[in-house]
Engineer: 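This is the structure, below, for whatever I ask next.
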Protein chains: 2
Amino acid sequence: MSAPSNLPGICQTSLMKAMRPKLFKALCDPNRIAIVATLATKSDPSRVSDIAQGCGIDFSGVSRHLKILREAGLLSAVRKGRTVSYQLESEHLVDTLEGLTAALKQCQRQTSKY
Amino acid sequence: MSAPSNLPGICQTSLMKAMRPKLFKALCDPNRIAIVATLATKSDPSRVSDIAQGCGIDFSGVSRHLKILREAGLLSAVRKGRTVSYQLESEHLVDTLEGLTAALKQCQRQTSKY
DNA sequence: TTGATGTTTGCATATCGCTGCAAATATATG
DNA sequence: CATATATTTGCAGCGATATGCAAACATCAA
């Protein structure tokens with residue numbers, strides 16, 4: 001039966017690598033999704049206090065969310081004087097998503113019946 | 001200054017829609033990621049008990065994870081006799097990811113300085 | 001230095017989510 | 001019907017996470 005070899009195993013491994021648990025964990029909170037969506041509309045970095053305006057929670061909580069998103073590689077932070085501004089790392093996110101999509105399609109191809 | 005109009009607002013809205021909180025919530029558990037990666041390597045639906053073999057947790061927990069993934073649109077389920085088999089909805093996942101990528105790029109374009 | 005502003009962090013609390021076990025349900029078989 | 005197998009669901013325990021408040025920290029301005 002034309003042995004399936006261990007290609008599925010390789011495929012699964014590369015998918016697991018592409019799935020980036022940290023990314024999904026960072027985006028499983030609705031406030032963090034809102035923050036990302038908001039920052040996606042800004043061409044310049046936004047200050048913590050400005051971002052907090054949009055959310056319905058305390059700025060300390062927003063600061064924590066921003067930290068999580070930054071550690072997941074989704075945001076970059078810059079300090080300017082007293083303020084810290086965060087910006088979406090759009091290309092990085094796009095690259096990650098495209099990598100995941102490619103890995104999925106690869107699996108699809110290797111497991112499709114013919 | 002060639003007013004930005006409310007395009008950013010539209011952009012943010014479409015991104016929020018594309019982000020699918022349910023998807024990220026479904027994929028923020030490591031066991032669920034493993035399940036998805038495993039099912040991605042199968043061309044046929046897999047039975048709950050077989051899927052549970054791979055995970056290190058009780059099959060009841062696996063059943064719950066499968067339910068969450070199914071409700072997020074990531075899996076489809078089919079009952080055959082006493083067994084229920086789950087399969088990855090690969091195309092749907094790919095479409096969702098590509099939609100999200102496209103929405104992100106759209107935002108990138110609209111907010112880039114020129 | 002003193003005071004003001006912006007952000008982060010420590011702490012307590014409340015809620016959420018994962019898990020295992022046992023019971024319930026669904027289906028097949030004797 | 002009674003029994004066996006496969007899956008789902010109810011329940012309780014428990015660790016993780018989100019949140020607000022207050023304190024600490026960083027930076028700027030008098």
Side-chain angles (χ1 to χ4, degrees), chain A residues 16 19-39 42-89, chain B residues 16 19-39 42-89:
Chain A
M16 284 286 273
M19 298 266 284
R20 312 235 191 187
K22 220 173 185 177
L23 172 75
F24 290 109
K25 240 176 149 40
L27 289 176
C28 70
D29 179 271
N31 279 322
R32 289 199 287 272
I33 289 187
I35 289 173
V36 167
T38 300
L39 292 183
K42 309 288 173 61
S43 55
D44 300 305
S46 305
R47 299 187 304 164
V48 175
S49 47
D50 289 341
I51 298 171
Q53 285 288 108
C55 304
I57 64 174
D58 193 80
F59 56 87
S60 66
V62 174
S63 175
R64 277 181 235 270
H65 284 311
L66 291 170
K67 183 183 183 183
I68 292 171
L69 290 168
R70 177 170 53 76
E71 288 177 342
L74 286 161
L75 306 182
S76 59
V78 177
R79 163 151 242 143
K80 246 182 197 162
R82 288 177 276 204
T83 73
V84 177
S85 294
Y86 286 83
Q87 187 172 32
L88 180 65
E89 287 291 306
Chain B
M16 285 286 272
M19 298 264 286
R20 314 235 191 184
K22 223 174 185 178
L23 172 75
F24 290 109
K25 244 179 148 36
L27 289 176
C28 70
D29 179 89
N31 278 322
R32 287 198 289 271
I33 290 186
I35 289 173
V36 168
T38 300
L39 292 183
K42 308 288 173 61
S43 55
D44 299 306
S46 304
R47 298 188 303 163
V48 176
S49 48
D50 289 341
I51 298 170
Q53 284 289 107
C55 305
I57 63 174
D58 194 81
F59 57 88
S60 66
V62 174
S63 176
R64 276 180 236 270
H65 284 312
L66 292 170
K67 182 182 183 183
I68 292 172
L69 290 167
R70 178 171 51 78
E71 288 176 344
L74 286 161
L75 306 182
S76 58
V78 177
R79 163 151 242 142
K80 246 182 197 161
R82 288 178 275 203
T83 72
V84 178
S85 295
Y86 287 82
Q87 187 172 33
L88 180 65
E89 288 291 306

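Below, read A as the first sequence line, B as the second, and so on, with proteins coming before strands; counting in each chain starts at 1.
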Engineer: Report the residues that fulfil side chain to side chain donor-acceptor pair (under 3.5 Å) with Ser76(B), sequence neighbours left out, ordered by chain and then residue number.
Structural biologist: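 For Ser76(B) the side chain to side chain donor-acceptor pair (under 3.5 Å) partners, ignoring immediate neighbours, are Glu89(B).
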Engineer: How would you list, by chain and number, every residue that makes a side chain to side chain contact (heavy atoms under 4.5 Å, CB included) with Lys42(A), sequence neighbours excluded?
Structural biologist: Thr38(A), Ser46(A)
Engineer: Quick check for you: name the first and last nucleotides of DNA chain C, 5' to 3', having an atom under 4.0 Å from a heavy atom of chain A.
Structural biologist: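 First-to-last contact on DNA chain C, by the 4.0 Å heavy-atom rule, is dA4(C) to dC11(C).
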Engineer: Thr83(B): which residues meet the side chain to side chain donor-acceptor pair (under 3.5 Å) condition with it, sequence neighbours left out?
Structural biologist: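 For Thr83(B) there are no side chain to side chain donor-acceptor pair (under 3.5 Å) partners, ignoring immediate neighbours.
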Engineer: Lys22(A): which residues meet the side chain to side chain contact (heavy atoms under 4.5 Å, CB included) condition with it, sequence neighbours left out?
Structural biologist: none
Engineer: I'd like to check the side chain to side chain contact (heavy atoms under 4.5 Å, CB included) partners of Ala52(B); sequence neighbours left out, ordered by chain and number.
Structural biologist: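 Residues passing side chain to side chain contact (heavy atoms under 4.5 Å, CB included) with Ala52(B): Phe59(B), Val62(B).
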Engineer: In chain order, what residues pass the side chain to side chain contact (heavy atoms under 4.5 Å, CB included) check against Ala26(A), with sequence neighbours excluded?
Structural biologist: Ile68(A), Leu69(A), Ala72(A), Leu74(A)
Engineer: Polar pairs (N or O, both sides) under 3.5 Å between protein and nucleotides 14-18 of chain D?
Structural biologist:
| residue | atom | partner | partner atom | Å |
| --- | --- | --- | --- | --- |
| dA18(D) | OP1 | Arg32(A) | NH1 | 3.0 |
| dA18(D) | OP1 | Arg32(A) | NH2 | 2.8 |

Engineer: For residues 62-75 of chain A, pull every pair meeting side chain to side chain donor-acceptor pair (under 3.5 Å), keeping only residues two or more places apart or in separate chains.
Structural biologist: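 Listed by first then second residue: Arg32(A)-His65(A).
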Engineer: Salt bridge (charged side-chain N to carboxylate O under 4.0 Å, His left out) with Asp58(A): which residues, sequence neighbours excluded?
Structural biologist: none
Engineer: Give every pair of a protein N or O atom and an N or O atom of nucleotides 6-10 of chain D that lie under 3.5 Å apart, one pair per line with the distance.
Structural biologist:
| residue | atom | partner | partner atom | Å |
| --- | --- | --- | --- | --- |
| dT7(D) | OP1 | Val48(B) | N | 3.1 |
| dT7(D) | OP1 | Val84(B) | O | 3.4 |
| dT7(D) | OP2 | Ser49(B) | N | 3.0 |
| dT7(D) | OP2 | Ser49(B) | OG | 3.0 |
| dT8(D) | OP1 | Tyr86(B) | OH | 2.7 |
| dT8(D) | OP2 | Ser63(B) | OG | 2.5 |
| dT8(D) | O5' | Ser63(B) | OG | 3.2 |
| dG10(D) | O6 | Arg64(B) | NH2 | 2.2 |

Engineer: Not counting sequence neighbours, which residues clear salt bridge (charged side-chain N to carboxylate O under 4.0 Å, His left out) with Arg47(A)? List them please.
Structural biologist: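 Partners of Arg47(A) by the salt bridge (charged side-chain N to carboxylate O under 4.0 Å, His left out) criterion, ordered by chain and then number, come out as Asp50(A).
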Engineer: To the nearest 0.5 angstrom, please state how far the CG atom of Leu23(B) sits from the CD1 atom of Ile33(A).
Structural biologist: 8.5 Å
